[in-house]
Engineer: 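Let me give you the structure first, and then I'll get to my questions.
For the single chain, residues carry numbers from 1 onward in sequence order.
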Amino acid sequence: MPAVRDLLDAYVQGRILLDKATVTLYEDIQEFWVAERDDNAEVVGCGALHVMWEDLAEVRTLAVKPGLKGAGVGHQLLEKLLHTARWLGVRRVFCLTFEVDFFGKHGFVEIGETPVDTDVYAELLRSYDEGVAEFLGLERVKPNTLGNSRMLLHL
């Protein structure tokens, strides 16, 4: 997780990714996949899949070492996350991103509304997870999400 922390910090400083406490990264470690170099096992990318509901998950914290952007690392990580979602039986995958073109190449489309019915919305309101609050578009997290696009993929 220290290598993931280092990777994320550059994107956090650039306000591309939201900062997460290191303890939160450790709590969510089972959600992560990492990409490593073959020759020295250096972590060059990461991404997480967070299941939010029985048929809905979110791609989170997808990042690639800045010098390797465009080399296919992000695509491989996203494909692994989507494969994991299918394996878990998730039918819809959400992301909140500045990288609209990247996610669009994988079939994600921009959405406006929160794509859940009122009963599920009410249940999700009980979550303490900041990412769920962002998904729901709650007022308390709106400053975190300004400029981001909400995107959804149906698997």
Engineer: V43 and V59: same hydrophobic cluster, using ILVMFWY side-chain contacts below 4.5 Å?
Structural biologist: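 No, separate clusters.
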Engineer: Measure the shortest side-chain to side-chain distance between K20 and T61 over non-hydrogen atoms and say whether it is less than 4.5 angstrom.
Structural biologist: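 A side-chain contact under 4.5 Å exists here.
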Engineer: Of all the heavy-atom pairs spanning V73 and A35, show the shortest one and how long it is.
Structural biologist: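 V73 and A35 have their closest heavy atoms at CG1-CB, 3.7 Å.
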Engineer: What closest approach, in Å, do A85 and V93 show between heavy atoms, and which atom pair accounts for it?
Structural biologist: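 Closest heavy-atom pair between A85 and V93: CB-CG2, 3.9 Å.
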Engineer: Quick check: closest heavy atoms across L96 and R150, and the distance to 0.1 Å?
Structural biologist: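 Smallest heavy-atom distance, with atoms named: CD1-CG, 3.6 Å.
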Engineer: Could you give the distance from CG (L17) to OG1 (T97), rounded to the nearest 0.5 Å?
Structural biologist: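 L17 atom CG to T97 atom OG1 measures 8.5 Å (nearest 0.5 Å).
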Engineer: Which residues, ordered by chain and number, are linked to V109 in its hydrophobic cluster, where ILVMFWY side chains connect at heavy-atom gaps below 4.5 Å, directly or through other members?
Structural biologist: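 Its cluster mates, by chain and number: none.
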Engineer: State whether the side chain of Y11 and the backbone N or O of L62 hold a donor-acceptor pair below 3.5 Å, judged by distance alone.
Structural biologist: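 No.
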Engineer: To the closest 0.5 Å, what do you measure between CG (L155) and CZ (R92)?
Structural biologist: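 Here the rounded value is 10.5 Å.
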Engineer: If you measure from CG on L49 to CE on M52, what distance do you get to the nearest 0.5 Å?
Structural biologist: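 Those atoms lie 11.0 Å apart.
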Engineer: When rounded to the nearest 0.5 angstrom, what is the spacing between SG in C46 and CH2 in W33?
Structural biologist: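 These two atoms lie 13.5 Å from each other.
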Engineer: Between the side chains of R5 and D9, is the shortest nitrogen-to-carboxylate-oxygen separation below 4.0 Å, so that they form an ion pair?
Structural biologist: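 A salt bridge is present here (some side-chain N lies under 4.0 Å from a carboxylate O).
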Engineer: Considering all heavy atoms of both residues, which atom of E110 and which atom of S149 are nearest to each other, and what is their separation?
Structural biologist: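 That would be OE1-OG, 3.3 Å.
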Engineer: Can you tell me how far CZ of R60 sits from CZ of F94, rounded to the nearest 0.5 angstrom?
Structural biologist: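 Between atom CZ of F94 and atom CZ of R60 there are 9.5 Å.
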Engineer: Once you round to the nearest 0.5 Å, how far does CG of L124 lie from CG of D119?
Structural biologist: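 Rounded to the nearest 0.5 Å, the CG-CG separation comes out at 11.0 Å.
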Engineer: Determine whether L153 and V100 fall in the same hydrophobic cluster, where Ile, Leu, Val, Met, Phe, Trp and Tyr are linked whenever their side-chain heavy atoms lie under 4.5 Å apart.
Structural biologist: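 Per the 4.5 Å side-chain linkage, L153 and V100 are co-clustered.
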Engineer: Applying side chain to side chain donor-acceptor pair (under 3.5 Å), which residue pairs with at least one partner in residues 39-53 are found, sequence neighbours left out?
Structural biologist: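 As it turns out, the side chain to side chain donor-acceptor pair (under 3.5 Å) pairs with a partner in residues 39-53, which skip direct neighbours, are E31-H50, R37-E42, E42-K65.
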